Protein chains: 2
Amino acid sequence: MAIPVYQKISDDIRTQITHGFISANNALPSENTLSSQYNVSRMTVRKALNVLVNEKYLYSVPGKGYFAKKIATDKYLFTFDELEVIKGKNKESRLMEVDIIKPNAELIYQLNISPDKRVVVIKHLLYSNKKLAAYDIKYIPYFTGIPIVEKEINYITFPEIIANRTSMFDIHRKISIRMDMPSNEISTLLKINTHDPVFIIEQKILDQEGSPIGWGQLYCHYQNCLIEGDSVIGE
Amino acid sequence: MAIPVYQKISDDIRTQITHGFISANNALPSENTLSSQYNVSRMTVRKALNVLVNEKYLYSVPGKGYFAKKIATDKYLFTFDELEVIKGKNKESRLMEVDIIKPNAELIYQLNISPDKRVVVIKHLLYSNKKLAAYDIKYIPYFTGIPIVEKEINYITFPEIIANRTSMFDIHRKISIRMDMPSNEISTLLKINTHDPVFIIEQKILDQEGSPIGWGQLYCHYQNCLIEGDSVIGE
DNA sequence: GAGTGGTCTAGACCACCAA
DNA sequence: TGGTGGTCTAGACCACTCG
């Protein structure tokens, strides 16, 4: 047989769930019952059930049994970085400015730092087909002793910039998408009208303890931005 | 011990990966080597490795070994439905109109149907704190014989509407977010200015074969919409 | 106390890969 | 050919749940 036994079993049970024969939060037969039904060892049944647990179709409760999950219909997976949100081909980023500044109230709040701490500002302009498309600004708390290397500031995405400060596995990123009219500064930079709306994609980078280690916004003229995602089976 | 052996092993290996001791695409010691090192059975090692495979830290190649994955830094999970994207509390949707229409060229293309087929149109107005916030329009191919039940048209989210036509597990949804100036129709409906931009959240529902079974847009005044997501460890 | 899932073992056979 | 991961078995002990 090409298809392993445990996969046949998990396919079978998955079908029963998707076709409604096992409804949400109802118990499945026990592992021992299933191993008799399918004439396989208990470990094989466990392997099959484990597949479905990983696929979020089932959850198990020790001492009770396995239950079908009510599926979430509102989960989407988006893949994007600073350059990906811009429409068009031949996208590139150009470093505009790097500076070390005293934080204002907003920065003190967002990065949760003391007012006497300094903050590194990295500004990029993003181009699509040689045309200006977006403006990106990032703030990172400045730690004396950790030099700002050229490698960091030339990168455009946050994980790359922060990579040599902490492990990429240890960070968490929160992202929000909204829309607004540009400030005078933004409209001047992007060479657009003050009543031309801009996409604002805001990112906050948190370390393992949930403390902010980066904050930034991408401003993009409304016609230059498109964001796409796909549904996934949820938690 | 409270912590099972396999979890200690997977924690150990995960730490080695996140701290860079095992770099991307490098092979791990074999299962047999690990079972000697940790003094456990091969099945326990496999359990530990399986955890990390499910967490996307590792992948395995039959006949070769286990390898650390290069992590993706650009994956985000978004949770939202038609009501969730609107800012504010006390959100509700009100059915505005249901109709069966002849499809125009756009609909024929988007739903991939023949021009003589009919299409069900469902229009909703969405309110936040009793104030009009968004306009939602959905198109579903009309199948004679399948009645449009009241249950369907009163729901606001696509999965709910389509639920009794097909299993929710069998559908896939593609979503795109963009921004534009409203048409006259949209600006009139939302009672906004024609030069006030709107968020457009477009959804396409596909069945298992990838054929469209639903298409819709949500139009939301730019100040009423906020979309948030969190990073996830990618594929 | 009987049944449940959670963990762990020791062994077996297979297909695949590389030298 | 020897090592790798992939599958599967039969049995064991545990903690948990529920009547």
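Nothing here was measured: the structure is a model prediction, and the numbers come from that model. Every chain is numbered from 1, with letters handed out A, B, ... down the list of sequences.
Ring pair A:Phe67/A:Tyr59: centre-to-centre distance below 6.0 Å. Taking the six-membered ring where the residue is Trp, the centroids of B:Tyr219 and B:Phe199 are separated by 6.0 Å or more. In this structure, the ring of B:Phe78 has its center less than 6.0 angstrom from the ring center of A:Phe78.
Between B:Trp215 and B:Tyr139, the two ring planes are parallel [angle under 30°; tilted spans 30° to 60°].
Of the possible donor and acceptor atoms, one in the side chain of B:Asp207 sits under 3.5 Å from a partner among the backbone N and O of B:Glu209. The closest donor-acceptor contact from the side chain of B:Ser35 to the backbone of B:Arg42 lies at 3.5 Å or more, if one exists at all. Side-chain atoms of A:Thr33 never come within 3.5 Å of backbone atoms of A:Pro29 as a donor-acceptor pair (strictly under, hydrogens ignored).
Between A:Arg14 and A:Asp11, at least one side-chain nitrogen of the basic residue sits less than 4.0 Å from a carboxylate oxygen of the acidic one, meeting the salt-bridge criterion.
Atom pair A:Asn50:CG and C:dG5:P shows a separation of 13 Å (rounding to whole Å applied).
Place A:Ser41 and B:Thr33 on DNA chain D by their nearest nucleotides, and B:Thr33 ends up nearer the 5' end.
Using a 4.0 Å cutoff to heavy atoms of chain B, the contacted part of DNA chain D runs 5' to 3' from D:dG3 to D:dC8.
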Please tabulate the protein-to-nucleotide N/O contacts below 3.5 Å involving nucleotides 14-19 of chain C, giving atom names and distances.
from   : atom 1 : to      : atom 2 : distance (Å)
C:dA18 : OP1    : B:Lys64 : NZ     : 3.4

